[in-house]
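Atoms within each ligand, like the ligands themselves, are counted from 1 in listed order. Computed over heavy atoms, backbone and side chain alike; hydrogens, waters and symmetry mates excluded.
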Amino acid sequence: MRFNNKVEEVLNKQINAEFWSAYMYLSMSAYFQTKGLKGFANWMRVQYQEEVTHALKIYDYIVGRGGVVKLEAIAKVPTEWKGIKDAFKETYNHECKVTDMIHNCYETALNERDHATSNMLQWFINEQAEEEQNVQAILDQLSLIGEDGQAIYLLDKELATRVFVDSTQAAAV
Ligand code: FEO
C-alpha cells in the first residue's frame, strides 16, 4: 500500500518543526553561554540534540514506509531573550505548540486509517507530555528563585549535569 499523501505531508511539516525547535534551542544555548550561564547553556544544547533525534525519527519512518522526505528551509530563530525566565517561558509555549502539531499528525493518521503511523506517533505524544512537564518544573523553580543570584547559581550547576540520551533509540516503537 502506497504511503498516504496527507500523512506524508504532515510528517514532513513535523520534521521541519523539529529542526526549527533544534535551531531555536541551540540559539538559546548560545545566548546563555554569552551570559556566563554554562549550566543553562548545557541544558539547551542537550535539548537541541534531542530535537534533532526527533526530526530523524520521523525522517527514518518516512523513508522506511517508502515515502518522500522533503526538507524545507528552516526559518530564522530569535537570538535574544529578556532573561532566563523569558527563554524558558518561550520554551514552554513552543513545546505546547509542538504538542498541538503532533496531535494534528496523529488525528490525520487516524482519519486516513494509517494505523502504523498512529502507533509510531504514540511515542511522540508521550514525549511531548514529558517535555512540557520538564520545562514547567524549571519554570516553577525560576518563579521560586526570583532574582536570588545564589539560587540561580545553584540551578545553573544542576542543569549542567544534564546529559544527552537518545531516547528515540531506547524506546523505538
Ligand atoms: Fe521534539 Fe520538543 O519537541
Students should find that the hydrophobic cluster of Phe164, defined by side-chain heavy atoms under 4.5 Å apart, otherwise consists of Val46

How close do Ala22 and Tyr48 get, counting heavy atoms only, and between which atoms? O-CD1, 3.2 Å

Only one of Arg2, Lys13, Arg65 clears salt bridge (Lys or Arg N to Asp or Glu O under 4.0 Å) with Glu8; which? Arg2

Everything protein-side that's N, O or S and under 2.8 Å from atom 1 (Fe) of ligand 1: list it, residue and atom.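 Near atom 1 (Fe) of ligand 1, below 2.8 Å, one finds Glu18 OE1, Glu51 OE1, His54 ND1.
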
Please determine if Glu90 and Lys85 form a salt bridge, counting it only when a charged side-chain N lies under 4.0 Å from a carboxylate O.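 Salt bridge between Glu90 and Lys85, a charged N being under 4.0 Å from a carboxylate O: no.
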
Do we see a donor-acceptor contact under 3.5 Å between the side chains of Thr117 and Tyr61?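 A donor-acceptor contact under 3.5 Å links the two side chains.
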
Has Gln136 got more than 12 heavy atoms of other residues, nucleotides or ligands less than 6.0 Å from its CD? yes

